[in-house]
Amino acid sequence: MKYNHKEIEPKWQRRWEERQIFRARDCSDKPKFYALVEFPYPSGAGMHVGHIKAYSGLEVISRKRRMQGYNVLFPIGFDAFGLPTENYAIRTGIHPRVATDENIKKFTSQLKRVGFSFDWSRTIDTTDEKYYKWTQWIFLKMFEHGLVFRDKALVNYCPSCKVVLSNEDSQGGKCDICHSNIVQKSKDVWYLRITEYADKLLEGLERVDYPPHIKQQQINWIGKSTGAFADFKLVGTDDSLRIYTTRPDTMFGATFMVIAPEHPIIEKHKDRIKNLDEVYAYREECAQKTEFERTQLVKEKTGVRIEGLEAQNPLSGRIIPVYIADYVMMGYGTGAIMAVPAHDERDYEFAKKFGIEIIEVIKGGDISKAPYTGEGEMVNSGFLNGIKTQKEAVAAAIRKLEELGVGCAGVQYKMKDWAFNRQRYWGEPIPIVHCPKCGMVPVPYDQLPLVLPPVDNFEPDEGGESLLAKIPEFVNCKCPRCGGDAKRETDTMPQWAGSSWYYLRYLDPHNDRVFADPDKLKYWLPVDWYNGGMEHVTRHMIYSRFWHKFLYDIGEVPCDEPYAKRTAQGLILGPDGEKMSKSKGNVVDPNDVIDEYGADVLRLYILFMGDYEKAAPWSESSVRGCKRFLDKVAALPEIAKGQGVTSALESKFHKTIKKVSLDIEEMKFNTAIAAMMTLLNDIYEHGSLTVDELKIFIKLLCPFAPHLTEEIWEQLGGKGFLSLAAWPEYDEAKTIDEQVEVAVQINGKLRGTIMLPLNCPRDEALELARADEKIAQMLEGAEIIKEILVPNRIINFVVKSK
RNA sequence: GCGGGUAUGGCGGAAUCGGAAGACGCGCCGGAUUUAGGAUCCGGUGGGAAACCGUACAGGUUCGACCCCUGUUACCCGCACCA
């Protein structure tokens, strides 16, 4: 009855590995299927059940595809650069290389215990110099094509990690890694010009199969807005102040301007500013605030009027005051705005506080009470008066600005250029040399990889420089261009670098001439199906789409989008319904589950617990339910006899094959498993099945529970591996019943059921329904107003009583 | 505030198109077996004595609504003074 998972699971894992049955063949004639899962960061804590869920979806689909005759590539690797390992080194003195190798070993053995059908011959490790050679190579290609630049900038600095963070890594003013408050610091920053690809990244979304909420998140992240730039002349100077607005139609209502505290116009015109001390003091005050305080905590508007600076509205000619206020950000648009209090909430609030005039230019609201942001007829707006739609008014205003030579249509993005350096040791060294004569010089391609030098002390400097800066042999070098003394860049790349192109390396992981052979790229790309977590659908996916599009533009990859289809699994919550975390003590260790119940049970339960794309809490007793199911499957050979089909089960088998086949494609694993459970119940109710039927059953179950089903397959004398056997086909005709049960309603309420032949003609069906004893009784004396028939489903009599 | 999502028995969740709400599993109840417990097997299980009532709440459309429309609430995720 019961099977011994501790024996059969390692046995089959061994055999699969010996025979290398999950190896993908490059450029074979079979149709290809490239399934990609997000490769793990090999942390010291080992894997948790969330990893298993993340891989199980495409694991099942890959296994089904193999049985369907596809040449499947389902690879795995390790994204191993990153702060946790370096922090571990700082704490323990254990070199990140050593810790990483150990963790990868641990992850590998855990993944193998689950029986995943990965192609282990293609494993990659982003910290392997043979891998990051090509990460550096792509960086240099970007450098060569002008997509890399360096700038002094206020950066987010984590005083605890002693590291510069990108905006993405410091959301909410907290360090993404240690959750300390971040501070602003001026630094030299390497940037990748991802904004140059903003439109391509947006436009590409129209041609890929991502669910709408994922596309929407990427669209929001890129944050494109259209509007206009306009120059406001500074009174008494030749200078002007350029603003960006999405609402040029409201320009006649601009009664003041606001500039960001860091705006350079202050320095430029400080001689004219009468209250310079006050302005400086305000600027200082703002600089003290973190991004978090500025954006999150401060609800009330603050600001200072700049005495002595006034600007002229280019359309209305009106002279208006200029304010400095921190509700305008230097990092978006031009760092200066025209304020239209009548039709903008923030400007309204500011105007109310500072007693600035509010001029209505769009009818429809009551601006004495609140700003009006809707549409309406233009008023008080010169040539715009009378226009009734925003679209028209915007176009007219832009036309006028262009005519006058004081503005133009413009586009802005929320997405900023990608800050691409970290003051850290455990990352890819940035392959650039600083030469006093030649400036920034790239390391020649033939000198890659630029290898991380060994170190033994991982304590970071107070100044926040990388450890590499303390290694003279690394820093001091000759300029590749002029041969003179030069210094190496000591910053490394962020953790996102290695994962931005890893799916390409799987195609040719051992190639040392190119990152991947063009024929192999052509055969395998694009990734057919990419699954991962929701937390990666913006940053990681946008970064890697950016790299891919760049490689496409320079002719290195054959398609412009890397991922044809993307899905995202939901979290596994703790038994208490909370997110699993060590501190809450609600973490489930997959090893424990495998020890007690086996890998097949673990896999089955994780896919059965609920909608794959939604979060669901762990339940140990439900795990036992899956164990019971597999025990009953293990006992099926005892009641299997004869060949061919069992007439009572034939239709049920065809229906189940159909349901399981279709559900797997939609990642509806829970209902696929439920269908197999139902069939199993039917089989036991019937008391027996044929050997042929049993073979079909274990084929359907094989992608979910491969060890047990291989074992049964062997018992039955099946040829070769079940994992490579042909997926069962169903006969559509046999999934259709000849007799159907039809519900009979009176006034929409269920009053009985009758059996009808399939596709019974309307008149006949209604006749039979009326003739039903129970229905006839209830219809007696009532007037039938209407008769509704939904073929093979329902009959509804609408009646008036009496 | 903006964008996206979710809400169904004691629990996880099912329900092509608007057509019998609660598939499947867990839990629970009863029975068999057992010295006992566990395991296993059989039966039952939304509420209600019943008429009926039930898919977050209030309306609407329809012969018929978990499903469509209007409004509301709660929770989750992402972004957030983006001009």
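Naming convention: chains lettered A, B, ... in sequence-line order (proteins, then strands); numbering from 1 in each chain. These numbers come from the heavy atoms of this one structure, side chains and all, not from hydrogens, waters or symmetry mates.
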Visitor: Is the closest basic N to carboxylate O distance between D595(A) and K6(A) below 4.0 Å?
Guide: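 Not counted as a salt bridge, because no side-chain N and carboxylate O are separated by less than 4.0 Å.
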Visitor: Output yes when at least one side-chain N/O atom of K414(A) is less than 4.0 Å from OP1 or OP2 of rC2(B), else no.
Guide: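 False: K414(A) side-chain N/O out of range (4.0 Å or more) of rC2(B) OP1/OP2.
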Visitor: Strictly below 4.0 Å, N to O, side chains only: are E38(A) and R566(A) in salt-bridge contact?
Guide: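 Yes, this pair counts.
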Visitor: State whether the number of non-hydrogen atoms from other residues, nucleotides or ligands found under 6.0 Å of Q739(A) atom CD is greater than 12.
Guide: yes
Visitor: For rG13(B) versus rG60(B), give the span between their P atoms, rounded off to a whole number of Å.
Guide: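 Here rG13(B) and rG60(B) have their P atoms 32 Å from each other.
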Visitor: So E345(A), base contact, sugar-phosphate only, or nothing? Heavy-atom distance under 4.0 Å.
Guide: nothing
Visitor: What I want to find out is whether E596(A) reaches K627(A) closely enough, with some N-O distance under 4.0 Å, to be called a salt bridge.
Guide: no
Visitor: What form does the base of rG9(B) take, syn (within 90° of 0) or anti?
Guide: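 For rG9(B), whose glycosidic angle is within 90° of 0, the conformation is syn.
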Visitor: Contact class for K668(A) vs. all strands (heavy atom < 4.0 Å): base, sugar-phosphate, or nothing?
Guide: sugar-phosphate
Visitor: Which nucleotide in the list rC24(B), rG25(B), rA14(B) gets nearest to the side chain of S622(A)?
Guide: rG25(B)
Visitor: If I pick the C1' atom on rG27(B) and the same atom on rU72(B), what distance separates them, to the nearest angstrom?
Guide: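 Looking at atom C1' only, rU72(B) and rG27(B) are 35 Å apart.
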Visitor: Assess whether one donor atom and one acceptor atom, taken from the side chain of K301(A) and the base of rC81(B), lie less than 3.5 Å apart.
Guide: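 Checked by distance alone, the answer is yes.
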Visitor: Can you check whether S622(A)'s main-chain N or O pairs, donor with acceptor, with S619(A)'s side chain at less than 3.5 Å?
Guide: yes
Visitor: Using atom P in both nucleotides, what's the gap between rC69(B) and rC17(B) to the nearest angstrom?
Guide: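 Going atom to atom, P in each nucleotide, I get 14 Å.
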Visitor: If you compare every side-chain N and O of N670(A) against the phosphate oxygens of rA14(B) (OP1, OP2), does one of them come in below 4.0 Å?
Guide: yes
Visitor: For rU16(B) versus rC24(B), give the span between their P atoms, rounded off to a whole number of Å.
Guide: 16 Å
Visitor: The side chain of I337(A) lies closest to which of these nucleotides: rC24(B), rA83(B), rA20(B)?
Guide: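 For the I337(A) side chain, the nearest candidate turns out to be rA83(B).
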Visitor: Toward the 5' end of RNA chain B, which comes first, A616(A) or S621(A), by nearest nucleotide?
Guide: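 Closest to the 5' end, via its nearest nucleotide, is A616(A).
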Visitor: Side-chain N or O of R628(A) versus OP1/OP2 of rG25(B): is the shortest distance under 4.0 Å?
Guide: no
Visitor: For rG1(B), which nucleotide is its Watson-Crick or G-U wobble mate, given both distances must be under 3.5 Å?
Guide: rC79(B)
Visitor: Nearest nucleotide by nearest heavy atom, which residue falls closer to the 5' end of RNA chain B, A615(A) or G748(A)?
Guide: A615(A)
Visitor: Who does rA74(B) pair with, Watson-Crick or G-U, both distances under 3.5 Å?
Guide: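 rA74(B) is paired with rU6(B).
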Visitor: In the strands shown, is rU55(B) matched to any nucleotide by a Watson-Crick or G-U wobble pair with both distances under 3.5 Å, and which?
Guide: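 With both distances under 3.5 Å required, rU55(B) matches none.
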Visitor: Are Y332(A) and rA83(B) close enough that a side-chain N or O sits under 4.0 Å from OP1 or OP2?
Guide: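 Checking rA83(B) against Y332(A), a side-chain N or O does come within under 4.0 Å of OP1 or OP2.
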Visitor: For rC17(B), measure the glycosidic angle (O4'-C1'-N9-C4 for a purine, O4'-C1'-N1-C2 for a pyrimidine) and name it syn if it falls within 90° of 0, otherwise anti.
Guide: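 Syn.
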Visitor: Taking the same atom, P, in rA23(B) and in rA14(B), what whole-Å distance lies between them?
Guide: 13 Å
Visitor: Tell me, please, whether Y612(A) has K53(A) positioned over its six-membered ring: NZ or CZ under 6.0 Å from the ring centre and within 45 degrees of its axis?
Guide: yes
Visitor: Kindly say whether, by distance alone, the side chain of Q412(A) makes a donor-acceptor pair under 3.5 Å with the base of rA83(B)?
Guide: no
Visitor: Ignoring the backbone of Q216(A), work out which of rG4(B), rG19(B), rG13(B) is nearest its side chain.
Guide: rG4(B)
Visitor: In whole Å, what separates the C1' atom of rG1(B) from that of rC52(B)?
Guide: 46 Å
Visitor: Reckon D611(A) touches a base, only the sugar-phosphate, or nothing at all at heavy-atom distances under 4.0 Å?
Guide: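 The residue D611(A) makes sugar-phosphate contact but no base contact.
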Visitor: Whether N796(A) contacts rA20(B) is assessed here as follows: a side-chain N or O lying under 4.0 Å from the phosphate OP1 or OP2. Is that the case?
Guide: no
Visitor: Using atom CD of E620(A) as one end and atom P of rC11(B) as the other, report the distance to the nearest whole Å.
Guide: 20 Å
Visitor: What orientation do F350(A) and F354(A) show, parallel under 30°, tilted 30 to 60°, or perpendicular over 60°?
Guide: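 Judged by the thresholds at 30° and 60°, the geometry between F350(A) and F354(A) is parallel.
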Visitor: Taking pairing as Watson-Crick or G-U wobble with both contacts under 3.5 Å, can you name the mate of rC41(B), or confirm there isn't one?
Guide: rG31(B)
Visitor: Starting the side chain at C-beta, find the nucleotide from rC24(B), rG4(B), rA20(B) nearest to H213(A).
Guide: rG4(B)
Visitor: E787(A) vs I795(A), test: side chain to side chain contact (heavy atoms under 4.5 Å, CB included). Steps then yes/no.
Guide: CA-CA 7 Å; E787(A) 294 168 326; I795(A) 291 168; over 6 Å; no
Visitor: When both hydrogen-bonding distances must be under 3.5 Å and the geometry is Watson-Crick or G-U wobble, what is rA65(B) paired with, if anything?
Guide: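 WC or wobble partner does not exist here.
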Visitor: Once you apply a heavy-atom cut-off of 4.0 Å, does T538(A) come out as touching a base, just sugar-phosphate, or nothing?
Guide: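 It contacts nothing in the nucleic acid.
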Visitor: Using a heavy-atom cut-off of under 4.0 Å over every strand shown, decide if G625(A) touches base, sugar-phosphate, or nothing.
Guide: sugar-phosphate
Visitor: Between rA20(B), rA23(B), rG3(B), spot the one nearest the side chain of T753(A), thanks.
Guide: rA20(B)
Visitor: Distance between the P atoms of rU45(B) and rG10(B), in whole angstroms?
Guide: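 The same atom, P, in both gives a distance of 16 Å.
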Visitor: Measure from the side chain of Q217(A), starting at C-beta and using heavy atoms only, and say which of rC26(B), rC81(B), rG78(B) lies closest.
Guide: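 Per side-chain heavy atoms of Q217(A), the pick is rG78(B).
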Visitor: Looking only at atom P, what distance separates rC2(B) and rA65(B), rounded to whole Å?
Guide: 33 Å
